Amino acid sequence: MKFPILTPEEAAEYVKNGDNVGLSGFTAAGTPKVIPVAIAERAKKLHEEGKAFKINVFTGASTNDSCDGALVRADAIDKRTPYQSHSDLRKSLNCHSTHYFDLHLSELAQKIRYGFYGDIDVAIIEVADIEDDGTVVLGTGVGNSPTFTKLAKKVLIELNEKLPKEMKGLHDIYLPQDPPVRSEIPIFKASDRVGSPVLKIDPSKIVGVVKTSRLDDIKPFTEPDEVTKHISANVCKFLIEELHRGIIPASFLPLQSGVGNVANAVLYGLADAKEIPPFEMYTEVIQDAVLDLMKQGRCKFGSTCSLTISEHMEEEFMNNLDFYKDKLCLRPAEISNNPEVVRRLGVITMNTALEADIFGNINSTHVTGTKMMNGIGGSGDFTRNAYISIFSCPSVTKGGKISNIVPMVSHVDHSEHSVDILITDQGIADLRGKDPIQRAEEIIKNCASPEYKGLLKDYLKLSESAGGQTPHRLEASLSFHTEFLDSGDMRNVNFSKYC
């Protein structure tokens with residue numbers, strides 16, 4: 001290898017205070033494992049010497065403890081985008097020690113190319129293989145690596161020897177043109193490959209290679225419980241009914257699924273829903289459940305940006321590459337999440353909500369409207385362009401103290417205009433073709449927990465007395481949230497004081 005072999009500490013010296021740093025990966029999959037930790041240690045040392053050191057971190061999505069965790073604990077992050085999920089970073093951004101701006105995941109790469117956020121000073125990229133001409137095979141997450149390496153002044157490589165070189169062929173690296181000469185992205189079915197299996201990096205930019213030997217360390221998802229099983233059953237029921245009605249073509253359509261325990265449970269439910277024919281996925285993340293569905297012959301193909309799979313499943317995947325290679329394609333985030341492609345393919349989207357209101361608005365990001373949880377992620381990329389957009393959540397949390405169906409969401413990420421179907425453990429609300437009052441009645445009847453139906457009906461009746469196409473009594477609209485903040489239990493709401 002012609003590139004210098006560096007220690008993580010030597011690599012960290014190339015990152016300077018104020019740098020814009022682009023990291024590979026999408027979720028923990030494919031993120032750097034050791035250089036960010038060395039940068040964090042360098043930041044601590046400089047801070048002890050009274051010197052300033054903070055960087056701006058750009059990623060594909062969330063990362064892991066060796067990136068977001070180590071850096072934020074060292075007070076080494078100034079700006080952060082487009083998505084995160086680390087508890088330490090969450091605390092920092094909610095008190096504005098870290099300046100976080102939430103962003104649709106499909107948009108970051110092009111906005112960086114447009115120059116909105118300044119130059120990329122350093123790209124830190126995990127790879128499975130590298131050649132002397134700068135050609136690399138990426139790892140389990142592509143994210144925004146193609147754009148970061150194209151624009152970066154310097155590139156640091158983490159060569160992960162746990163990743164087999166035989167991963168070559170899984171990736172489809174394609175960058176769209178930028179306006180005013182952008183043409184269509186030529187993907188017409190989920191399995192189309194339109195780019196290169198490798199990423200070509202200008203070798204003059206590569207300042208060194210750090211060798212690692214670690215998997216992504218992704219924890220297994222929680223086993224489906226009774227609530228998530230009911231949600232999954234309701235999603236499958238809806239899809240089967242739409243198939244029988246002829247709304248969904250008999251050959252079916254590609255599916256997209258968000259990330260998390262509810263999403264994973266829904267995917268596992270598809271294994272037994274044999275009335276749904278074997279299907280393809282065009283999505284941003286593939287989880288353990290999808291690989292199981294492939295082994296069962298239920299999922300024919302998966303187009304994704306990342307393999308967000310548990311360590312056990314990652315080892316199983318690496319040991320059976322020959323089986324998976326013709327069933328998977330890993331793309332850059334701006335392609336996996338591209339609205340143009342989602343609309344063209346007719347993707348049925350399935351995403352999760354923190355809360356929904358009776359008119360169909362969705363809060364995906366902010367607890368009680370103020371505290372950022374993780375971010376909007378890719379849900380908006382898919383939802384606004386879906387063949388059918390589905391959102392799901394448990395009807396209640398905290399043992400019933402919180403209703404996830406509320407009079408008005410405390411923060412809006414997806415407006416009523418983007419939501420076709422709302423599903424909870426209680427049932428299915430079809431919002432298509434309904435006016436606001438009809439949507440409210442549908443949601444209360446089918447999605448709200450029995451212990452909250454009466455309260456929600458009381459609010460709707462109260463708000464209707466105020467009139468308007470979408471009726472609200474503004475002084476009472478956030479009463480569920482204020483009651484929870486006051487007493488710790490939304491069930492204590494009393495609307496009589498507003499009459």
Side-chain angles (χ1 to χ4, degrees), residues 104 106 187-190 230-260 262-267 269-270 273 275-285 289-290 293 298-304 336-353 356-357 359-362 364 376-393 413-436 438-439 442-443 446-447:
H104 297 296
S106 70
I187 295 174
F188 303 102
K189 56 183 185 297
H230 281 303
I231 294 172
S232 175
N234 287 331
V235 171
C236 293
K237 177 185 176 184
F238 169 76
L239 293 174
I240 291 168
E241 288 174 350
E242 293 296 277
L243 192 60
H244 288 167
R245 290 175 60 209
I247 300 298
I248 298 174
S251 58
F252 214 62
L253 290 167
L255 296 177
Q256 174 262 339
S257 175
V259 185
V262 171
N264 212 44
V266 169
L267 291 169
L270 291 169
E275 290 178 81
I276 297 173
F279 55 87
E280 296 181 334
M281 296 193 71
Y282 194 88
T283 189
E284 60 182 355
V285 168
V290 178
L293 289 168
R298 298 290 293 133
C299 181
K300 299 184 295 183
F301 192 87
S303 170
T304 186
S336 68
N337 291 39
N338 192 275
E340 172 201 337
V341 179
V342 171
R343 178 73 65 90
R344 179 186 300 130
L345 298 184
V347 177
I348 299 169
T349 67
M350 305 183 296
N351 290 288
T352 55
D357 69 28
F359 299 110
N361 301 291
I362 300 293
S364 299
I376 195 168
S379 55
D381 297 325
F382 289 94
T383 294
R384 284 295 294 273
N385 303 283
Y387 187 89
I388 302 172
S389 68
I390 302 169
F391 275 91
S392 60
C393 63
D413 291 293
H414 309 283
S415 76
E416 63 199 66
H417 311 101
S418 303
V419 183
D420 294 322
I421 309 297
L422 182 63
I423 294 177
T424 70
D425 50 296
Q426 299 296 320
I428 304 163
D430 188 341
L431 310 182
R432 294 171 293 183
K434 295 180 172 66
D435 75 11
Q438 292 171 324
R439 288 198 298 268
E442 179 84 359
I443 290 171
N446 294 305
C447 292

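These values consider heavy atoms only, across backbone and side chains, with no hydrogens, waters or symmetry-generated copies. If you're wondering where the values come from, they're calculated on a predicted model, not measured in any experiment.
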Find the distance between [atom1] ([X]) and [atom2] ([Y]) and round it off to the nearest 0.5 Å.
X	Y	atom1	atom2	result
Ile388	Glu242	CD1	CD	5.0 Å
Leu422	Ser392	CG	OG	8.5 Å
Ile348	Phe279	CD1	CZ	10.5 Å
Gln438	Ile443	CD	CD1	12.0 Å
Ile231	Asp425	CD1	CG	5.5 Å
Lys237	Glu275	NZ	CD	12.0 Å

For [Y], is there any backbone N or O sitting under 3.5 Å from a side-chain donor or acceptor partner on [X]?
X	Y	result
Asn361	Glu416	yes
Arg439	Leu431	no
Asp413	Ser364	yes

Shortest non-hydrogen contact from [X] toward [Y]:
X	Y	value
Thr383	Ser389	O-CB, 3.8 Å
Thr352	Val259	OG1-O, 4.4 Å
Pro436	Phe359	O-CD2, 3.3 Å
Ala273	Ile240	CB-CD1, 4.3 Å
Glu280	Ala190	OE1-CB, 3.5 Å
Ala429	Cys447	CB-SG, 3.6 Å

*Might you work through the side chain to side chain donor-acceptor pair (under 3.5 Å) test for His104 and Ser106, ending with a clear yes or no?*
CA-CA 6 Å; His104 297 296; Ser106 70; over 6 Å; no
*Does the side-chain contact (heavy atoms from CB on, under 4.5 Å) test come out yes or no for Arg298 and Ile276, once each step is laid out?*
CA-CA 9 Å; Arg298 298 290 293 133; Ile276 297 173; 3.9 Å; yes
*When you look at Arg432 and Ile247, which way does the side-chain contact (heavy atoms from CB on, under 4.5 Å) test go after all the steps?*
CA-CA 13 Å; Arg432 294 171 293 183; Ile247 300 298; 4.2 Å; yes
So [Y] and [X], do their side chains get closer than 4.5 Å, heavy atoms only?
X	Y	value
Ile187	Asn338	no
Asn446	Ile428	no
Val266	Ile423	no
Cys299	Leu270	no

_Pair Asn234, Gln426 - check side-chain contact (heavy atoms from CB on, under 4.5 Å), show working._
CA-CA 8 Å; Asn234 287 331; Gln426 299 296 320; over 6 Å; no
Got a list of side-chain donor-acceptor pairs under 3.5 Å for residues 248-257, not counting sequence neighbours?
residue	atom	partner	partner atom	Å
Gln256	OE1	Met350	N	3.3
Gln256	OE1	Asn351	ND2	3.1
Gln256	NE2	Asn351	OD1	3.0

*Return the set of residues passing side-chain hydrogen bond (donor to acceptor under 3.5 Å, both in side chains) with Thr424 (not counting sequence neighbours), or none when no residue passes.*
none
*For Arg384, which residues count as a side-chain hydrogen bond (donor to acceptor under 3.5 Å, both in side chains) partner, sequence neighbours excluded?*
Ser418
*When you look at Val290 and Thr304, which way does the side-chain contact (heavy atoms from CB on, under 4.5 Å) test go after all the steps?*
CA-CA 11 Å; Val290 178; Thr304 186; over 6 Å; no
